[in-house]
Amino acid sequence: MAEIAQIIVDVPTMQTNRPYTYQVPEQLEHQIQTGMRVVVPFGNGSRQVQGFVVGLDDQTAYDGELKSIISILDLNPVLNQELLTMSQWLADSCYAFRISCMHTMLPNVMKTKTHRRLKIIDELDETDLFELFHGQDEIDFEPENMPDEIVSRLLKLKRNQQIEVVYSLTDQAKSKFATGIKPLLSFERLEEERTSLRKTAKAQSELLSYLQSMIGSEIKLSEAREQTGLSNAIFSTGEKKGWLEKIQIETFRTPKALLNDAKKPIPELTADQQTAVDAICDSIQSTDPQTFLLQGVTGSGKTEVYLRSIAETLANNQTALMLVPEISLTPQMVTRVKSRFGDLVAVLHSGLSNGERYDEWRRIERGEAKVVVGARSAVFAPLENIGLIIMDEEHESSYKQDETPRYHARNVAKWRSDYYGATVVLGSATPSLESRARAQKGVYQHLLLPERINQQPLPAVQVVDMRQELRKHAESNFSTELLDEIQIRMSRGEQSILMLNRRGYSSFIMCRDCGFVLQCPNCDISLTLHMDTHTMKCHYCGHEEPIPKICPNCQSHKIRYYGTGTQKVQEELQAIIPDAKILRMDVDTTRRKGMHEKLLNSFGNQEADILIGTQMIAKGLDFPNVTLVGVLNGDTALGLPDFRSSERTFQLLTQVSGRAGRADKTGSVIVQTFNPDHYAIKLAQHHDYEHFFQMEMNIRHRGKYPPYFYTLQISVSHEEEAQAAKAIMNIAQFLKPNLDKNSIVLGPTPKSIARMNRKYYYQLVIKYKQDTRLHQLLTQMMDQIQKQSRHGVQISIDPEPQNFI
DNA sequence: AGCACGCCGACT
DNA sequence: GTCGGCGTGCTC
């Protein structure tokens with residue numbers, strides 16, 4: 001019976017977002033399995049694309065002529081049944097193409113590169129042969145890197161059928177292999193070999209004993225050499241004499257940072273921790289997909305609860321997934337998990353090269369790693385039989401991907417939990433309102449860790465009114481209170497951390513004479529000053545240009561810097577306290593690989609008095625000698641037109657407060673702000689999450705925002721503003737009459753950055769409670785509007801967007 | 001996406 | 001009349 005395969009091809013468009021039917025050629029019959037990658041012909045020409053097999057059958061409803069699969073790229077499926085099923089759900093719920101979802105779930109190296117070559121199939125005249133083909137009979141075809149004139153001459157030859165395009169897909173997913181050895185003979189036969197050796201052949205005799213000791217196993221040659229002290233030549237002799245065989249052993253690139261893991265004693269649990277662990281362990285034992293919200297102040301020992309729960313999961317013969325925000329995936333944190341579970345742990349973080357990431361992925365897929373620690377995309381780790389999924393700092397917005405597929409790791413975690421009957425633990429000191437509200441309603445089980453392990457009080461938070469400060473002296477980023485406190489720490493040999501709330505802030509340049517501000521040519525935004533590279537940069541499209549010395553508008557020389565960047569803050573502070581040793585940590589100083597870690601290490605070794613940084617220093621750091629945390633601008637996020645701005649401010653301030661005085665020294669926190677009376681700041685000052693939750697819930701209720709309503713954002717872009725505007729109006733008209741009467745449409749409006757990368761953006765937000773038709777309506781819309789609208793209109797839907805600006 | 005087909009203006 | 005530009009539609 002003929003085998004027929006259903007294949008999702010790697011062509012991310014609306015029209016091709018469905019399986020295509022292919023014939024399985026005879027020589028590949030019974031070798032193909034669902035979840036494997038294959039190469040198939042696609043389209044009129046001789047084009048070849050990568051595809052994923054999603055179904056196998058012996059018949060098809062399709063009655064056209066079938067093409068055949070060209071080759072298979074994997075020996076084993078790269079997507080198991082669970083992940084295949086999930087890719088469909090993910091595509092539906094994120095309004096994304098299925099192929100994009102599949103790629104998101106896999107390491108980058110699984111994406112093949114397409115190469116096109118031109119091959120001569122008929123005689124060419126001499127000029128063409130030399131000018132175009134340089135005398136060769138095949139050349140690479142890369143129209144984007146070739147002069148137009150050459151391309152058109154080549155295309156002409158192709159039309160005349162003198163040359164043809166040949167395709168090749170290269171799979172980057174290559175495992176690394178090393179030479180290994182394997183004994184070929186039995187113990188007795190090896191013993192016989194030894195007796196026939198001459199007395200002087202000591203090395204060979206040693207090799208024989210070694211081989212005897214490792215019968216039934218294999219080992220890398222390099223390791224064998226190390227263990228025995230024998231040379232390569234001896235092993236080769238052994239091979240020649242038929243004692244051993246040289247084989248290829250797959251090796252895994254082990255990321256360096258993880259090699260040192262000093263065993264730490266396992267701490268005792270507090271009563272609260274024990275209660276939490278017990279509840280979670282009960283759930284791990286059961287097959288109910290239960291979700292817990294573990295709410296505990298900084299220092300209350302959430303991590304230990306996680307580790308105990310993971311241990312229970314492993315004991316129960318299941319696997320565990322632990323998600324952390326990228327920013328807190330620090331060596332300290334990884335070491336802690338590694339030292340508890342050793343080689344069973346795989347770590348997936350952004351610092352890995354594609355190859356390293358693939359190796360870790362393989363270790364998980366082969367079942368060698370049973371605990372996976374990683375950031376957002378680790379939620380797709382190919383673990384089977386998952387018993388526990390932990391999501392630390394569950395309120396972090398980095399769990400939401402801000403490009404398609406726009407998934408939230410929390411939702412994916414829940415899907416997997418339902419699939420396996422696994423337990424989910426959401427941990428945070430300041431849970432998102434959505435999660436906290438669900439705990440309130442009993443959807444999640446609420447676990448509390450109200451006290452710090454060391455019985456230390458939370459640090460005192462002092463709020464400084466910067467409006468008063470401004471009246472007292474000239475404009476400065478530093479209040480007298482903060483400067484005094486910094487100097488006290490320095491005299492005591494203690495350290496300080498200063499945080500600059502970057503959101504909504506940047507340094508730009510403006511002309512004092514005409515008010516001209518340098519703008520990005522591609523985007524509707526001012527360029528940001530970067531002193532380290534001496535350029536003006538656009539944060540949205542990456543455009544870069546030199547800093548102008550005279551105003552491009554009026555030729556005046558009075559061009560000045562405005563705004564507050566970390567660099568400027570550092571310079572200002574250095575001028576005030578000349579003998580302070582200051583480290584700065586921001587995107588500029590940590591771009592180079594490993595710099596992040598290096599900076600933290602040198603601060604940890606007390607090579608500096610003060611660490612200045614943006615949000616990235618607020619999280620996951622644990623320096624016992626830091627007794628002062630200063631927030632330079634506590635409220636810049638408050639001014640943003642986003643209903644989550646209070647929540648973010650509260651979370652951030654609470655989080656930084658936790659950074660002060662974590663060991664035996666008491667710490668203090670200073671928050672400078674222009675809004676000292678704002679409830680988010682006042683309640684953060686008193687570490688009062690519960691009160692904040694109540695107040696914010698009231699506001700959300702009145703404004704019909706999450707968690708009372710769901711939100712969904714539709715955005716449209718086009719190079720011409722009118723086209724983009726027209727498209728969003730069409731969408732609004734299409735949707736409005738069909739929405740539920742309780743649903744609310746905000747907009748359409750231009751986005752706050754109306755132009756990015758030479759495209760104009762318009763958006764529309766829908767708030768809804770229950771709208772049964774909405775999902776189907778939107779799916780239909782993506783299909784219809786895309787067809788109708790003129791070329792170049794791009795539509796994207798973001799369910800539950802995290803940023804409204 | 002990327003390819004072929006087809007329709008239209010500019011040219012040997 | 002033909003070459004080659006780009007708009008349109010399809011891909012098992």
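In what follows, chains carry the letters A, B, and so on, assigned in the order in which the sequence lines appear, proteins first and then strands, with residues in each chain numbered from 1.
Spacing between atom CZ of A:Arg159 and atom P of B:dC5 amounts to 12 Å, rounded to whole angstrom units. Between A:Leu154 atom CG and C:dG4 atom P there is a gap of 13 Å when expressed in whole angstrom units. A straight line from CD of A:Gln15 to P of C:dG9 spans 10 Å, rounded to a whole angstrom. When the C1' atom of C:dC10 is taken as reference, atom OH of A:Tyr20 falls 8 Å away, rounded to whole Å. Regarding A:Tyr167, its OH atom lies at a distance of 15 Å from the P atom of B:dA1, rounded to whole Å. Look at CZ on A:Arg116: it is 7 Å from C1' on B:dG2, rounded to the nearest Å. Computed from coordinates, the A:Asn17 CG to C:dT11 P distance equals 16 Å when rounded to whole Å. Per the geometry, CE belonging to A:Met14 stands 16 Å off P belonging to C:dC10, to the nearest Å.
Cation-pi geometry between A:Arg18 and A:Tyr20 is met: the NZ or CZ atom falls under 6.0 Å from the ring centre, inside 45° of the normal.
Checking the phosphate oxygens (OP1, OP2) of C:dC3, no side-chain nitrogen or oxygen of A:Lys156 falls inside 4.0 Å. Contact annotation: A:Lys67 does not reach the phosphate of C:dT11 (side-chain N/O to OP1 or OP2, under 4.0 Å).
Between the side chains of A:Thr319 and A:Glu384, no donor-acceptor pair is found at a separation under 3.5 Å. Checking A:Asp771 against A:Ser743 by side-chain atom types alone, a donor-acceptor pair falls below 3.5 Å. Using modelled atom types and a 3.5 Å distance limit, the side chains of A:Glu326 and A:Ser350 yield a donor-acceptor pair.
Counting non-hydrogen atoms under 4.0 angstrom, A:Tyr22 reaches the backbone sugars and phosphates but no base. Residue-level contact check: A:Gln23 touches neither bases nor backbone, having no heavy atom under 4.0 Å from any strand.
Stacking of A:Tyr62 onto the six-membered ring of C:dC12 is present: less than 5.5 angstrom between centres, less than 30° between planes.
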